[in-house]
A.B. asks: 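I'd like to ask some things about the structure below.
Numbering of residues begins at 1 and proceeds along the displayed sequence.
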Amino acid sequence: TQIRAILRAATHDDGLARLKILLPFVSNLDELRKAREIIADVERELAAEGIDHARDVQVGVMIEVPAAVFIADSLAREADFFSLGTNDLTQGMLAVDRANESVNSLFDPLHPAVLRAISLVSAAAREAGIPLNVCGEMASNPAQVILLIGMGMTDLSMTPSAIPTIRRLVRAIDVERAGQVSAEALTLTTPREVHA
């Protein structure tokens, strides 16, 4: 029902953007394949009924659970794009509930395991030639944006209030130096070292 509504509603856009469907919390390739089957089935049904609808919709995967990181290469071969959900990914990688005051001090996107996970996802997207968007708090944090750009990520989604600061940073950043900083950060073994 939701796919049917999405495909129908997409015919009423302003022509500036093409419909894309982003699948959340994907943890295995079968989920992506099943979603594509459902979308194709709904497209065929709408066509058979003569109902105007979006066609050839791009389907992407939200990389936000550890399982998706480690199969990112397989997912990238069948997805049209990735979106990297840094908040949920950090929480999942570190098994830390950021809303729990007893442990939220351990929530750290600069933890080496999180950075290595992000690097794996970036490499998988680059290898497959698919776009990668980064969303979450990392895209709003200037120091963390330097690392993201250094790992080759240039499509950042953030809260509107962060845009002016991040825009100034991106315009001023030396991409080659950001790459060196990211490469060094990926060799470190503790969050404290990465922060330093």
Side-chain angles (χ1 to χ4, degrees), residues 22-28 60-76 79 81-128 130-196:
L22 179 60
L23 305 173
F25 295 105
V26 171
S27 63
N28 72 69
V61 172
M62 180 69 107
I63 305 291
E64 57 192 332
V65 297
V69 170
F70 296 106
I71 60 165
D73 56 341
S74 299
L75 291 168
F81 63 95
F82 277 169
S83 186
L84 182 64
T86 59
N87 295 345
D88 286 326
L89 181 61
T90 300
Q91 184 167 286
M93 290 295 300
L94 303 179
V96 172
D97 180 359
R98 62 186 171 185
N100 182 330
E101 291 180 14
S102 300
V103 294
N104 66 4
S105 63
L106 299 173
F107 180 90
D108 189 349
L110 295 185
H111 187 289
V114 176
L115 293 181
R116 291 174 191 167
I118 291 170
S119 179
L120 286 172
V121 173
S122 178
R126 193 169 39 255
E127 178 71 24
I130 64 170
L132 169 62
N133 163 271
V134 180
C135 59
E137 293 172 20
M138 282 189 83
S140 299
N141 180 299
Q144 294 168 13
V145 165
I146 292 170
L147 292 176
L148 293 171
I149 289 174
M151 287 189 263
M153 289 166 267
T154 57
D155 187 354
L156 308 172
S157 176
M158 66 202 70
T159 60
S161 62
I163 292 173
T165 300
I166 300 303
R167 178 183 291 142
R168 282 192 300 277
L169 171 69
V170 169
R171 287 181 176 160
I173 198 168
D174 178 335
V175 176
E176 185 176 326
R177 179 67 182 123
Q180 294 167 350
V181 170
S182 294
E184 182 179 350
L186 288 167
T187 68
L188 302 175
T189 56
T190 70
R192 184 182 307 228
E193 291 173 349
V194 176
H195 282 275

A.B. asks: What is the minimum heavy-atom distance between Glu176 and Asp174, and which atoms define it?
C.D. replies: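 Shortest heavy-atom separation between Glu176 and Asp174 comes out as N-OD1, 3.0 Å.
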A.B. asks: Evaluate the side-chain proximity of Leu120 to Phe70: yes if any heavy-atom separation is below 4.5 Å, no if none is.
C.D. replies: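 When only atoms from C-beta onward are counted, Leu120 and Phe70 do touch, with a gap below 4.5 Å.
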A.B. asks: Within the 4.5 Å heavy-atom criterion, are Pro142 and Ile166 side-chain neighbours or not?
C.D. replies: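 Touching, per the 4.5 Å side-chain cut-off.
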A.B. asks: Evaluate the side-chain contact (heavy atoms from CB on, under 4.5 Å) criterion for residues Gln144 and Leu110: first the C-alpha distance (whole Å), next the side-chain angles of each, then the deciding distance (0.1 Å), finally the verdict.
C.D. replies: CA-CA 8 Å; Gln144 294 168 13; Leu110 295 185; 3.7 Å; yes
A.B. asks: Of all heavy-atom pairs between Ala76 and Ala124, which one has the smallest distance, and what is that distance?
C.D. replies: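 Result for this residue pair: CB-O, 3.6 Å.
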A.B. asks: Would the distance check show the side chain of Ser182 and the main-chain N or O of Leu147 forming a donor-acceptor pair, the cut-off being under 3.5 Å?
C.D. replies: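 Such a contact is found between Ser182 side chain and Leu147 backbone.
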A.B. asks: Could you state the interatomic distance from CE (Met62) to CZ (Phe25), rounded to the nearest 0.5 Å?
C.D. replies: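 The CZ atom of Phe25 is 8.0 Å from CE of Met62, to the nearest 0.5 Å.
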A.B. asks: Run Arg177 and Gln180 through side-chain contact (heavy atoms from CB on, under 4.5 Å) and show every step you take.
C.D. replies: CA-CA 5 Å; Arg177 179 67 182 123; Gln180 294 167 350; 3.3 Å; yes
A.B. asks: What distance separates Leu148 CG from Thr86 OG1, expressed to the nearest 0.5 Å?
C.D. replies: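 One gets 7.5 Å once the value is rounded to the nearest 0.5 Å.
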A.B. asks: For a 4.5 angstrom cut-off between non-hydrogen side-chain atoms, does Val61 reach Phe81?
C.D. replies: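 Answer no - side chains too far apart.
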A.B. asks: Hey, are the side chains of Met138 and Val145 touching, using non-hydrogen atoms and a 4.5 Å cut-off?
C.D. replies: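 Met138 vs Val145: side chains apart.
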A.B. asks: Considering all heavy atoms of both residues, which atom of Pro112 and which atom of Thr190 are nearest to each other, and what is their separation?
C.D. replies: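 Shortest heavy-atom separation between Pro112 and Thr190 comes out as CG-N, 3.5 Å.
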A.B. asks: Taking all non-hydrogen atoms of both residues into account, name the closest pair between Phe82 and Ala125 and its distance.
C.D. replies: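 For Phe82 and Ala125, the tightest heavy-atom pair comes out as CD1-CB, 4.0 Å.
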A.B. asks: Please tell me if the side chains of Val170 and Ile149 come closer than 4.5 Å, counting only heavy atoms from C-beta onward.
C.D. replies: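 Side-chain contact under 4.5 Å: yes.
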A.B. asks: Nearest 0.5 Å, please: how far is CG in Leu75 from CD1 in Ile130?
C.D. replies: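 Here the rounded value is 8.5 Å.
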A.B. asks: Give me the atom names and distance for the closest heavy-atom approach of Leu22 to Pro24.
C.D. replies: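 Nearest heavy atoms, Leu22 then Pro24: O-CD, 3.5 Å.
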A.B. asks: For residues Ser157 and Ala139, report the shortest heavy-atom separation together with the two atoms involved.
C.D. replies: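 Ser157 and Ala139 have their closest heavy atoms at O-CB, 3.3 Å.
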A.B. asks: side-chain contact (heavy atoms from CB on, under 4.5 Å) for Phe107 and Asp97? Distances and angles first, verdict last.
C.D. replies: CA-CA 8 Å; Phe107 180 90; Asp97 180 359; over 6 Å; no
A.B. asks: Only one of Val96, Thr90, Leu89 clears side-chain contact (heavy atoms from CB on, under 4.5 Å) with Met93; which?
C.D. replies: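 The single option meeting the side-chain contact (heavy atoms from CB on, under 4.5 Å) with Met93 is Leu89.
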A.B. asks: Nearest 0.5 angstrom please: Thr165 OG1 to Arg167 CZ, how far?
C.D. replies: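 Between Thr165 OG1 and Arg167 CZ, I get 10.5 Å after rounding to 0.5 Å.
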A.B. asks: Using atom types as modelled and distance alone, determine if a side-chain donor or acceptor of Gln91 lies under 3.5 Å from a backbone N or O of Arg98.
C.D. replies: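 Here the side-chain-to-backbone pair exists.
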A.B. asks: Rounded to the nearest 0.5 Å, how far does CG of Leu156 lie from CG of Asn141?
C.D. replies: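 Output value for this atom pair is 11.5 Å.
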A.B. asks: How about Glu127: does its CD atom have over 12 heavy atoms from other parts shown lying under 6.0 Å from it?
C.D. replies: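 Atom CD in Glu127 is not packed in, count stays at 12 or less.
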A.B. asks: Consider only side-chain N and O atoms of Ser83 and Asn133, and report whether a donor and an acceptor are under 3.5 Å apart.
C.D. replies: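 There is such a pair (donor and acceptor under 3.5 Å, judged by atom type) between the side chains of Ser83 and Asn133.
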A.B. asks: Any side-chain heavy-atom pair from Ile163 and Met158 closer than 4.5 angstrom?
C.D. replies: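 Yes, at least one pair of side-chain atoms sits under 4.5 Å.
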A.B. asks: Do Ser122 side-chain atoms and Met151 backbone N/O form a donor-acceptor pair below 3.5 Å?
C.D. replies: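 Yes.
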A.B. asks: Do Val65 and Asp88 come close enough that some side-chain heavy atom pair is under 4.5 Å?
C.D. replies: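 When only atoms from C-beta onward are counted, Asp88 and Val65 do not touch, as no gap falls below 4.5 Å.
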A.B. asks: Under the criterion side-chain contact (heavy atoms from CB on, under 4.5 Å), I'd like the reasoning laid out for Leu84 against Met153: C-alpha separation, chi angles, the key distance, then a yes or no.
C.D. replies: CA-CA 10 Å; Leu84 182 64; Met153 289 166 267; 4.2 Å; yes
A.B. asks: Taking C-beta and beyond as the side chain, do Ile173 and Ile146 meet within less than 4.5 Å on heavy atoms?
C.D. replies: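 Yes, their side chains come closer than 4.5 Å.
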